[in-house]
Amino acid sequence: MIRRASLQVTIRSLRAAPALLAVLCFFAPGPALAQEGAAPSAPDEDVSVTAPQGAFPEASFEASFRKYGPHRNVYSPYYSWDAAMALDLTLFRKRAGAVDFGAVFQTAGTENLGSQVGVGGTGYILRAGYLRSLSRTVTMSAGVAHLSSHLTRDLDDKTDEQRRKGRTIPDVQDADEYNVVYLKAHLALEHWPLEPELDVVLEPVNFRFDFGRAPYARPLYLGTRLALWRGVRKTVAIETQHEVGNNAFNYFCLLLELFPQAGHHGRFHLFVAASPGRTMHVSPNVGALRDGVAAGLRLRFRS
């Protein structure tokens, strides 16, 4: 029988509305890069002077849609596409220190139930922490993140359909809920070739609010970004996401960014992505992720 945890994994990341877009997408790590047309800044510029100060000084919003390709595995009937919305909000900043809040809502879709679009489940990630800017390109943060997912009747119907066909009902190794303490470092080398960005997240502690035994959480996350080519108001980049530990994953995303914002990535992204393997993953860093090949689109706006 399918474990609720296992199929909640497919629902894991963000609750985006299926009708939000109409193509394909995934999300990736990476804060601000200098875009074409942005005023260059001195590497040693004091962030405590240049960054907006006070209550709610900055925010970013992202919406994405991702559709998996025809190469199927045992999870394909239950996880055929996903859509997501994400909000990152600076609640308050004083000089180089800031209180940060993030939320990701994801919907994972099954293969169609007859002529009906199936929604397998929804999930969300909530994150709150303290962020310290060591320079304009280096930040450190620490806080707590929570991930939770919820299944739907469509998923039950799809499971019943597959069982009637004599198909194996898969299980998922990862849990459907996490509460982790995290330590994160972000580095953006704007003046280096390919303008590399790096996110490293350590999650040494996973806990339950009722003080019961918490499930295993992979302790190390790594996200990277390289700008392969820049044209007039367009960029080709590659982003990767990796987690180390049991049921580890590697995710690679090649994207075209259009309509850049001054000092930030483009507003509109088209991408193709791949995750080697034949299983599924649930993570407080990326939400739900199914191995395979996918394509999609992403919209990203920043104040």
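For clarity, every value in this text was computed on a predicted model and none was experimentally measured. We count residues from 1, following the sequence as given.
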Does one side chain, of [X] or [Y], offer a donor that lies under 3.5 Å from an acceptor on the other?
X: Glu58; Y: Ser303; value: no
X: Asp291; Y: His281; value: yes
X: Glu203; Y: Tyr221; value: no
X: Asn285; Y: Gln241; value: no
X: Thr110; Y: Ser80; value: no
X: Thr240; Y: His242; value: yes
X: Glu239; Y: His269; value: no

Quick note, salt bridge (charged side-chain N to carboxylate O under 4.0 Å, His left out) partners involving residues 269-282, not counting sequence neighbours, are none
Would Thr279 and Tyr75 count as a side chain to side chain contact (heavy atoms under 4.5 Å, CB included) here? Give the steps.
CA-CA 7 Å; Thr279 184; Tyr75 296 97; 3.8 Å; yes
Counting C-beta onward and ignoring hydrogens, is there a side-chain heavy-atom pair between His191 and Leu189 closer than 4.5 Å?
no
Among Arg302, Arg300, Arg225, exactly one meets side chain to side chain donor-acceptor pair (under 3.5 Å) together with His265. Which residue is that?
Arg225
For the pair Val286 and Tyr251, evaluate side chain to side chain contact (heavy atoms under 4.5 Å, CB included) and give the outcome as yes or no after the intermediate values.
CA-CA 10 Å; Val286 304; Tyr251 181 85; over 6 Å; no
Residues passing the salt bridge (charged side-chain N to carboxylate O under 4.0 Å, His left out) test with Asp88, sequence neighbours excluded, are Arg127
